[in-house]
Chemist: 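The following block contains the structure, expressed as structure tokens.
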Amino acid sequence: PTSTIYLAWNSILVTRHPADVGRYAQKERAMKFTIETEREEDGRWIAELLEIPGALAYGGTLEEAIAKAQALGPCVIADRLEHGEEVNTS
């Protein structure tokens, strides 16, 4: 399954409904990230932020993996900005 998250500096929208995205994007200047999830052979879930190479998180449940990936995104962006690295905000 794939979810799309939009991160703004003051809020996060997680949706699988495209109509929600347009309304949100009009209100906030947001960065779009797609979370792709997959179940591993050992039963764990992995959630990957496709727009941030190497940003992935494991969880015992699908919800836990997605929540960890959502928390990871802003941390990776902040770290890259702090170290002068380029951040794609499209």
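Keep in mind the model is a prediction, meaning the values are calculated, not measured.
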Chemist: Roughly how far apart are I77 CD1 and R80 CZ, rounded to 0.5 Å?
Modeler: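 The CZ atom of R80 is 8.5 Å from CD1 of I77, to the nearest 0.5 Å.
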Chemist: Once you round to the nearest 0.5 Å, how far does CD of Q70 lie from CG of L49?
Modeler: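 So the CD of Q70 and the CG of L49 are separated by 9.0 Å.
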Chemist: Can you name the nearest heavy-atom pair linking G60 to W45, along with the distance?
Modeler: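 In this case the closest contact between G60 and W45 is O-CD1, 4.0 Å.
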Chemist: Given E36 and I46, is the side-chain contact (heavy atoms from CB on, under 4.5 Å) satisfied, shown in steps?
Modeler: CA-CA 8 Å; E36 187 172 87; I46 185 168; over 6 Å; no
Chemist: Using every non-hydrogen atom in the two residues, find where G59 and A65 come nearest and quote the distance to one decimal.
Modeler: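 In this case the closest contact between G59 and A65 is N-CB, 3.8 Å.
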Chemist: Considering residues at least two apart in sequence or located in another chain, which fulfil the side chain to side chain contact (heavy atoms under 4.5 Å, CB included) criterion with E64?
Modeler: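 Result, side chain to side chain contact (heavy atoms under 4.5 Å, CB included) vs E64: T61, K68.
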Chemist: Which is it for E40 and Y58 under the side-chain contact (heavy atoms from CB on, under 4.5 Å) test, yes or no, and what are the steps along the way?
Modeler: CA-CA 9 Å; E40 299 284 295; Y58 284 93; 3.9 Å; yes
Chemist: Just so I know, are the side chains of I35 and E48 near enough to count as touching, which here means a heavy-atom distance under 4.5 Å?
Modeler: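 Side-chain contact under 4.5 Å: no.
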Chemist: Below 4.5 Å, heavy atoms only, C-beta onward: do T37 and I66 meet side chain to side chain?
Modeler: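 They are in side-chain contact.
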Chemist: In the single-linkage hydrophobic clustering (I, L, V, M, F, W, Y; side-chain heavy atoms under 4.5 Å), do L56 and I52 co-cluster?
Modeler: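 No, separate clusters.
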Chemist: Kindly write out the residues that satisfy salt bridge (charged side-chain N to carboxylate O under 4.0 Å, His left out) with R39, not counting sequence neighbours, or none if the list is empty.
Modeler: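 Partners of R39 under the salt bridge (charged side-chain N to carboxylate O under 4.0 Å, His left out) test: none.
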